[in-house]
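Notes follow once the structure below has been shown.
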Amino acid sequence: MPRLARAREDRMGLLTELKDSISRAASTLFSEQDPKRIGIYGPPNAGKTTLANRIARDWTGDAVGPESPIPHETRRARRKENVEIERDGKSVQIDIVDTPGVTTKVDYTEFLDHDMEKDDAVRRSREATEGVAEAMHWLREDVDGVIYVLDSTKDPFTQVNTMLIGIIESQDLPVLIFANKIDLEDSNVQRIRNAFPQHETVPLSALEGDNMDEVYDKIAEYFG
Amino acid sequence: MPHQCTDCGTTFEDGSTEMLSGCPSCGGNTFQFLPDGADTSPAPEADPPEKTPDRSTSDSTVARTVGSAAATVRDIVGSDPDGAGTDPDAADPLSPSSADETAPSSPDETVDSATDTGTTPDESPDASIMSNMEAGSVQRDSVTTNREDAAQASARSAVVSPGELPETADETDVSGRSQPGAGARGEAPVEGPEDERPDLETLRDELNDQFESIRIVEPGQYELNLMELYERDEYIIALREDGRYRIQVPGDWRD
């Protein structure tokens, strides 16, 4: 009865799979070394990808994705796994997820200012919207901690920031707020601290590499 | 704002959870969203404010808003009895063309078996959206309106209760949208945009409640409801200009 035999085989395979997945789950539960998945969130053009690239280059030598002054350059979440950060003789392993900038409105006309053809702008807009959906989905499903990146030259009191920080808090996720672009003259870190006093705010310039030591200290402290 | 399966044409009311686990009829997971804006064109002036209090203020959205507002009103008036009228917000840009093909020809049929209509949706969407956009003026084209109405009506009816549609048909008065065939809401006495205005304001809350996770204002312009996106189990993985989108369904939903 080949059919019976196959059925039995299938069942055995299923059992093996089950066993595997149980032991995987157990190892997830008990091993402290499993990398935490850290989502880099924030509004468009805050410097999320620049930061992700800075971290990835510093510790793995690779980049995560292209950076651009045009908003919504990152339209798909990109992950860099097993980034090992060494601090004080210990090493912390994280997966970093660079996410598309979160916004409540995407308008292709915004891209037309950047010398983009309408078709390209519309496509970019559509992809950016999908990207936001994806980023929100990741936030709910797949993230163990959040680095929230803000452009410190801009007003942090926005609907998006408030809503996202609120969601992150409701999830009880560990969160660090990064006040990026401190190399710019208009930078105002205090304004960000005032906006979110309940969270640790770390000033930095991902582009220039300013204050990265503290950045890594905090990452290790919060997500290690 | 009906959603429609692009494979078999089955339609789902806005907010319907049926489709979240894939199309119950054919198992497809690609759906087209038929915004009401197109149909609604009749009430251009009144709506801008109501639809999206905060975000939709922009000019481009006006037509849409209006449409949806009108739809809402119509739903309230006409469909309430049935209980079908809940979907007003999303469906604005109903594609007239799609409507033409699907609804007008045989509203009743669509109702009975949404599957039959399946073919139409694919072709029409682009046209419909475009029409919507331009459409602040839509009121004038009774033709377009009618078609749209029919489509919308059929879509809704399919979801709600097929039986109701046939009877009411032909009577729709709603400011020029009246649908001969589909006029499910035919009774809807709502006449002009003016009439709707007062209602529109009251509808604002309702519209907000129904604000979808992603609203296509026009191709390339989107408004996102972050909480909705966050709270949904499924998520949208591909948008199309024509208003269709693909969603990813959690594995455990399908057996």
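Numbered from 1 within each chain, the chains take letters A, B, ... in sequence-line order.
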So for atom CD, which belongs to A:E117, do other residues, nucleotides or ligands contribute more than 12 heavy atoms lying within a distance under 6.0 Å?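 Atom CD in A:E117 is not crowded, with 12 or fewer foreign heavy atoms closer than 6.0 Å.
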
Based on non-hydrogen pairs under 4.5 Å, which of [options] is most in contact with chain B?
options                        : result
A:V102, A:T103, A:V160, A:V106 : A:V106
A:T129, A:V132, A:L139, A:L164 : A:T129
A:A128, A:S125, A:A121         : A:S125
A:K118, A:E110, A:Q171, A:E127 : A:Q171

Residues passing the side-chain hydrogen bond (donor to acceptor under 3.5 Å, both in side chains) test with A:T201, sequence neighbours excluded, are none

(request) Examine distances only and state if a side-chain atom of A:R140 and a backbone atom of B:E231 form a donor-acceptor pair shorter than 3.5 Å. (result) yes

(message) Measuring from atom CD of B:Q4 to atom CZ of B:F12, what distance do you get when rounded to the nearest 0.5 angstrom?
(response)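 Between atom CD of B:Q4 and atom CZ of B:F12 there are 9.0 Å.
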
